[in-house]
A.B. asks: 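Please see the structure below; I have some questions.
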Amino acid sequence: MPPIPRGPIRVAILDDYQGIAARHFESLKPTFEFTVFRETLLPYNHPATPESVRDELVQRLKPFTVISSMRERTPFPEPLLQKLPNLKLLLTTGTRNNGIDMVAAKKLGIPVTGAPGSGRTDKSSTTGKKRKGPDSTTQHCVALILGIARNLVQDDIVVKSGGWQTGLATGMSGKTFSSVGLGRLGVAVGKIMHLAFGMRILAWSSSLTQGTADQKAKEAGLPIEDENGEKTFKVVSKEELFKAADVLSVHYVLSDRSRGIVGSEDLKLLKPSALLINTSRGPVVDEQALLEVLNQGLIRGAAIDVFELEPLPLDSEWRTTKWGEEGRSSVLLSPHMAYVEEETMSNWYEEQVEILERWRDGKELLNVLA
């Protein structure tokens, strides 16, 4: 472990959009000195980021010995890490972070720690106990599905502006839910849509087999097939997945291989009444191709929580287009909120506090990622 500097240790808390972080770190003063940044600068490694903003990011972060980051809101590629000579510890949240170059961090001698969200290890916490029921992202995904299908936001606007019924809702019962990916979240959302709405569940990924899907159904407490021999999680080709979908939901981990895995030709296979949901990562879907489909009104609508560039620029087409008008598809947007639950966020910060205490005291770090 690198030697701990003397005097107040400067800590940057990044991307604290809700302004909730500072109170968690109060107990660490005066050994640590905290600076909170509530606004996110453009990603250092994004091609659209001007050189001046890259320089601004470096100058913002350069003075700090410790950086507390929130998920992938501020990526740390190798070129950025190389420009931070004072950095001795990088804290993040969750149990993985594809925005941090872990190999480079290890090479540069910068420990990276995560935070699983279960709370401090040295205290019993009701919020830290494992809760029953679906997790935050699963809940948010189901909320987006129902929100776009039932026109909730549009109807709210209509009623508050003096109007009444102006559109028709779309029912889910007995329809087809297509899952791009069948990992933990794909299974969780698929299970809810199957049990609550009687939806037929189709799934595809580049390596998914029917045997694996059957095992996932069994582990989720579902029968492998129904009385007619229909698989609970039926694996189909990518083409069939898109053609049959009434709801297409993206549950794919972002990687170099999966970037743009939902492309223009795939989107063209969707039926006009289809809804597309993305709570995974923006770049998994070809964003420009999706915007073209929605602008042409080729599907009923989309509910999107994740974007190619976050936070969305003020002039983003997502923000400025009058969706649902002049033949365009309906669009429901949320600002990457799927994981942003009060209990989870509090637990993450408390876990970072515990890691800082251990780092200060020369103890073994927890949840080391690099």
Side-chain angles (χ1 to χ4, degrees), residues 15 17-20 38-40 73 134 136-173 175-178 189 192-193 196-197 199 245-251 262 267 270-282 284-342 345:
D15 312 319
Y17 297 157
Q18 289 85 7
I20 62 171
R38 295 188 61 176
E39 294 185 358
T40 301
R73 291 177 184 178
S136 178
T137 301
T138 299
Q139 294 177 49
H140 196 76
C141 183
V142 174
L144 288 177
I145 294 169
L146 296 179
I148 189 72
R150 307 302 302 188
N151 299 321
L152 293 184
V153 174
Q154 186 58 36
D155 283 350
D156 177 75
I157 293 171
V158 167
V159 173
K160 288 177 178 175
S161 60
W164 200 237
Q165 296 183 14
T166 59
L168 298 170
T170 297
M172 294 288 101
S173 298
K175 292 188 177 178
T176 298
F177 177 88
S178 290
V189 177
I192 291 172
M193 303 313 291
F197 300 98
M199 295 189 81
D246 291 301
V247 176
L248 183 100
S249 192
V250 181
H251 300 285
V262 176
L267 296 170
L270 292 170
K271 61 181 76 170
S273 58
L275 299 171
L276 183 144
I277 317 296
N278 190 5
T279 53
S280 176
R281 288 294 183 272
V284 173
V285 179
D286 183 332
E287 187 167 88
Q288 196 53 49
L290 177 58
L291 284 166
E292 289 175 8
V293 165
L294 296 172
N295 270 305
Q296 295 174 46
L298 298 182
I299 62 175
R300 181 181 178 92
I304 310 295
D305 185 52
V306 288
F307 305 90
E308 171 73 29
L309 187 58
E310 298 180 6
L312 279 177
L314 294 178
D315 61 354
S316 166
E317 193 171 344
W318 289 112
R319 293 185 188 266
T320 59
T321 303
K322 293 184 177 180
W323 299 111
E325 299 181 15
E326 299 176 357
R328 301 182 191 91
S329 303
S330 296
V331 171
L332 175 60
L333 305 178
S334 60
H336 203 153
M337 288 293 292
Y339 67 88
V340 187
E341 277 190 348
E342 183 175 359
M345 301 287 281

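Not measured: the values here are computed from a predicted model.
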A.B. asks: Give a yes or no on whether Gln18 atom CD has more than 12 heavy-atom contacts from other residues, nucleotides or ligands under 6.0 Å away.
C.D. replies: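 Above 12, so yes.
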A.B. asks: Quick one: which of Leu275, Ile304, Leu332, Asn278 gives a side chain to side chain contact (heavy atoms under 4.5 Å, CB included) with Leu144?
C.D. replies: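 It is Leu332, the one option of Leu275, Ile304, Leu332, Asn278 that forms the side chain to side chain contact (heavy atoms under 4.5 Å, CB included) with Leu144.
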A.B. asks: Compare all side-chain heavy atoms of Trp323 with those of Asn295 and state whether any distance is below 4.5 angstrom.
C.D. replies: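 Contact flag for Trp323/Asn295 side chains = yes.
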A.B. asks: What distance do Glu317 atom CD and Leu291 atom CG have between them, rounded to the nearest 0.5 Å?
C.D. replies: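 Atom-to-atom, Glu317:CD and Leu291:CG are 4.5 Å apart.
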A.B. asks: For the atom pair CG (Leu168) and CG (Asn151), what is the distance rounded to the nearest 0.5 Å?
C.D. replies: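 Rounded to the nearest 0.5 Å, the CG-CG separation comes to 8.0 Å.
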A.B. asks: Do you see a donor-acceptor pair shorter than 3.5 Å between the side chains of Thr321 and Arg328?
C.D. replies: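 No, because no side-chain N or O of Thr321 sits under 3.5 Å from a partner of the opposite role on Arg328.
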A.B. asks: In this structure, which one of Leu290, Leu294, Leu298 forms a side chain to side chain contact (heavy atoms under 4.5 Å, CB included) with Ser329?
C.D. replies: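 So, applying the side chain to side chain contact (heavy atoms under 4.5 Å, CB included) to Ser329 and each of Leu290, Leu294, Leu298, only Leu294 qualifies.
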A.B. asks: Quick check: closest heavy atoms across Leu270 and Ala274, and the distance to 0.1 Å?
C.D. replies: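 Taking every non-hydrogen atom into account, CB-CB, 4.1 Å.
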A.B. asks: Counting C-beta onward and ignoring hydrogens, is there a side-chain heavy-atom pair between Arg319 and Asp315 closer than 4.5 Å?
C.D. replies: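 No, side chains not in contact.
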A.B. asks: Which heavy atom in Thr170 sits nearest to a heavy atom in Arg150, and how many Å separate them?
C.D. replies: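 Residues Thr170 and Arg150, closest heavy atoms: O-NH1, 3.8 Å.
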A.B. asks: Which heavy-atom pair separates Ala338 from Asp305 by the least distance, and what is that distance?
C.D. replies: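 Scanning both residues, the minimum pair turns out to be N-OD2, 3.1 Å.
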A.B. asks: Which heavy atom of Ala169 sits nearest a heavy atom of Arg300, and at what distance?
C.D. replies: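 Taking every non-hydrogen atom into account, C-NH2, 4.0 Å.
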A.B. asks: Can you tell me how far the OH atom of Tyr17 sits from the CE atom of Met345, to the nearest 0.5 Å?
C.D. replies: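 If I round to the nearest 0.5 Å, the distance is 9.5 Å.
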A.B. asks: Specify the closest pair of heavy atoms between Met172 and Leu146, including all atoms of both residues, with the distance to one decimal.
C.D. replies: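 Heavy atoms only, the tightest pair is CG-CD2, 4.4 Å.
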A.B. asks: Flag the pair Leu276 / Leu267 as yes when at least one side-chain heavy-atom distance between them is below 4.5 Å, and no otherwise.
C.D. replies: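 Yes, their side chains come closer than 4.5 Å.
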A.B. asks: Hey, what's the ring geometry for Trp318 with Phe307, parallel, tilted or perpendicular (30° and 60° as the breaks)?
C.D. replies: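 Answer is perpendicular, since the angle exceeds 60°.
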A.B. asks: Search all heavy atoms of Lys271 against all heavy atoms of Asp246 and return the closest pair with its distance.
C.D. replies: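 Closest pair (atom of Lys271, atom of Asp246, distance): NZ-OD1, 3.3 Å.
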A.B. asks: Looking at Glu308 and Glu287, would you say the former's side chain and the latter's main chain have a donor-acceptor pair under 3.5 Å?
C.D. replies: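 No: the side chain of Glu308 does not pair with the backbone of Glu287.
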A.B. asks: If only side-chain N and O atoms count, and only distance matters, is there a donor-acceptor pair under 3.5 Å linking His140 with Thr279?
C.D. replies: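 There is no such pair (donor and acceptor under 3.5 Å, judged by atom type) between the side chains of Thr279 and His140.
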A.B. asks: State, yes or no, whether a side-chain contact exists between Val247 and Lys175 at a heavy-atom distance under 4.5 Å.
C.D. replies: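 Not in contact.
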A.B. asks: Less than 4.5 Å apart, side chain to side chain, heavy atoms only: is that true for Ile277 and Ile148?
C.D. replies: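 Heavy-atom side-chain distance check passes, below 4.5 Å.
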A.B. asks: Measuring from atom CZ of Arg73 to atom CD of Glu39, what distance do you get when rounded to the nearest 0.5 angstrom?
C.D. replies: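 One finds 13.0 Å between CZ of Arg73 and CD of Glu39.
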A.B. asks: What I'd like to find out is whether the side chain of Met193 reaches to under 4.5 Å of the side chain of Ser249, using heavy atoms alone.
C.D. replies: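 No - every pair of side-chain heavy atoms lies 4.5 Å or more apart.
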A.B. asks: Within the structure provided, determine whether Val189 and Ile145 are in side-chain contact (heavy-atom separation under 4.5 Å).
C.D. replies: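 Contact flag for Val189/Ile145 side chains = yes.
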